[in-house]
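See below for the structure under consideration.
Only this structure's heavy atoms are used, side chains among them; waters, hydrogens and symmetry mates stay out. Reminder, nothing fancy here: chain letters follow the sequence lines and each chain counts from 1.
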Protein chains: 2
Amino acid sequence: MNNFDRSEHVYTSDDFDEVIKDTLRFFNGTPVHLIPISERFHGTGVYALYCTSKSGIYSKFNLINRTAFHMPIYVGKAVPKGWRQARQASSPDIESYELSNRIREHSRSINAGEGIELSDFSCRFMILEGKESDLIGTVEAALIRKYQPIWNTLIDGFGNHDPGRGRYEQAKSDWDVCHPGRSWANKCRGVHRSREELLESIEEFLGELEEDV
Amino acid sequence: MNNFDRSEHVYTSDDFDEVIKDTLRFFNGTPVHLIPISERFHGTGVYALYCTSKSGIYSKFNLINRTAFHMPIYVGKAVPKGWRQARQASSPDIESYELSNRIREHSRSINAGEGIELSDFSCRFMILEGKESDLIGTVEAALIRKYQPIWNTLIDGFGNHDPGRGRYEQAKSDWDVCHPGRSWANKCRGVHRSREELLESIEEFLGELEEDV
């Protein structure tokens, strides 16, 4: 056994930094598609949703994303089954549609939500499979830290699922308060935040964004 | 907008593979300490617990880990606060003791658990902070996939926390059935698995391990 020296345990890697930068460059070079994407496709990975609404509370995004898709409104990931327990083999599960399904689920949420139009939304995505699937959490985190997308940071709950029977005592999420419409969210009975306050905070947040990111 | 071509979205990286191999080499070169570690230390990262018990159900580990710490019994991570939402800045939080605290919590669990002796357990850990903290999940997953530690794979629940008041209707975890003693686990009232079956499955699992990994 050893004497304790913290510095012997600290790992640093410049190469890792380069890998992450490379994933972000790749991500920002992937094609953008309107949602829902008509094709279904296999795989897991990371995606970003972009809003280009010309009117309403998110109209600032039309200015920001006018010339290119600079600023996502939401970033998320779709991981392989068993990922949280790290139990899966690293071979790609060719029968899985996690990423495709997740983006479709988001299309349904946006379609159901008040005050937003599905035709104003598009997405970018990056498939990470095999050993690269280990990068999914890291790339998602790096994108969120870089862009601070409003539905990841200020307004919580867009990515939520139906909590299920027996769990509707919880409060409606911020997102569901701002954009009511998802049927399961309407069942949540907890005390939620004020819609007026949330909408004001969105305006303030977007007001501070620069148009060219 | 674009036509759909899946291949344009698939990211691959040989450099990433090298980074992961490098983290595992570093990890396996870090000093091993008996637990609990007497010093408290700052930081987040990944750790492995090793058993060197000479008797009892885990005595196979004494053979395996006799000459070097080849085979962990458990691998885990301690992440920065706010990590799951990726909201934190990447600057290290020098006031945090997540990794140190997590290893101490495990020492208490082992100390409370029947059929195991705390003095038979040691640990290895790797601090990942700043931008390297993005590697935590990846390194944990790589270690679990490589070693398939029995308390991560076959026997679930070692890393669980007290579920808290109002949630004791759930079943005792496999780990708590095999090693009863944690006071909160004893409050869980759900139907749990049979202790005899679990202990048999441990014997079978360890019987199949090679002594020199």
Side-chain angles (χ1 to χ4, degrees), chain A residues 1-6 8-13 15-20 22-23 26-27 29-34 37-39 41-43 45 75 83 85-90 99 122 124-132 134-145 148 152-153 156, chain B residues 1-6 8-13 15-20 22-23 26-27 29-34 37-39 41-43 45 75 83 85-90 99 122 124-132 134-145 148 152-153 156:
Chain A
M1 295 296 157
N2 301 274
N3 287 326
F4 187 87
D5 177 356
R6 183 181 186 277
E8 293 184 276
H9 298 268
V10 178
Y11 180 79
T12 57
S13 166
D15 292 346
F16 177 62
D17 208 30
E18 278 311 308
V19 169
I20 298 311
D22 191 55
T23 62
F26 180 91
F27 186 83
T30 55
V32 173
H33 299 274
L34 282 167
I37 300 170
S38 51
E39 325 236 345
F41 55 93
H42 292 294
V75 163
W83 183 82
Q85 293 81 35
R87 287 188 194 178
Q88 92 287 2
S90 59
L99 190 51
S122 22
R124 190 165 252 158
F125 65 92
M126 173 171 175
I127 296 172
L128 292 157
E129 56 195 1
K131 64 183 170 47
E132 276 83 3
D134 282 345
L135 275 166
I136 292 173
T138 303
V139 174
E140 183 205 27
L143 284 168
I144 293 175
R145 265 209 295 277
Q148 301 278 312
N152 293 93
T153 54
D156 211 31
Chain B
M1 295 295 157
N2 302 274
N3 287 325
F4 187 87
D5 177 356
R6 182 182 186 276
E8 293 184 275
H9 297 268
V10 178
Y11 180 79
T12 58
S13 166
D15 293 344
F16 177 61
D17 209 29
E18 278 311 309
V19 169
I20 298 311
D22 190 55
T23 62
F26 180 91
F27 186 82
T30 55
V32 173
H33 299 273
L34 283 167
I37 300 169
S38 51
E39 325 236 345
F41 55 94
H42 292 295
V75 164
W83 183 81
Q85 291 82 35
R87 286 187 194 179
Q88 92 287 4
S90 58
L99 190 51
S122 19
R124 190 164 252 159
F125 65 92
M126 174 172 173
I127 296 172
L128 293 156
E129 56 194 2
K131 64 184 169 48
E132 276 82 2
D134 282 345
L135 275 167
I136 292 174
T138 304
V139 174
E140 182 203 28
L143 285 168
I144 293 175
R145 265 209 295 276
Q148 300 278 312
N152 292 93
T153 55
D156 212 30

Can you give me the closest heavy-atom contact between Gly43(B) and Arg6(A), atom names plus distance? CA-NH2, 4.1 Å
Of Ile20(B), Leu135(B), Asp15(B), the one forming a side-chain contact (heavy atoms from CB on, under 4.5 Å) with Val19(A) is Asp15(B)
Could you check which of Asp22(B), Ile37(B), Asp5(B), Leu128(B) has the highest count of heavy-atom pairs closer than 4.5 Å to chain A? Asp22(B)
Is it the case that the side chain of Thr30(A) and the backbone of His9(B) share a donor-acceptor pair, with hydrogens and angles ignored and the cut-off at 3.5 Å? no
Return the CD1 to CD distance between Ile127(B) and Glu8(A), rounded to the nearest 0.5 Å. 10.5 Å
Taking side chain as everything from C-beta outward and backbone as N, CA, C, O, which of these in Ser38(B) sits under 4.5 Å from a heavy atom of chain A? Side chain, backbone, both or neither. neither
Contact summary for Lys131(B) and Asp17(A), nearest pair of heavy atoms: CD-OD1, 3.1 Å
Closest-packed option against chain A by number of heavy-atom pairs under 4.5 Å, given Phe41(B), Tyr11(B), Phe125(B): Tyr11(B)
Heavy-atom check, side chain of Asp134(B) versus side chain of Phe16(A), under 4.5 Å: yes
Pick one of side chain, backbone, both or neither for Phe26(B), based on which atoms fall under 4.5 Å of a heavy atom in chain A. side chain
Students often mix this up, so state it plainly: with edges at 30° and 60°, are the rings of His33(A) and Phe4(B) parallel, tilted or perpendicular? tilted
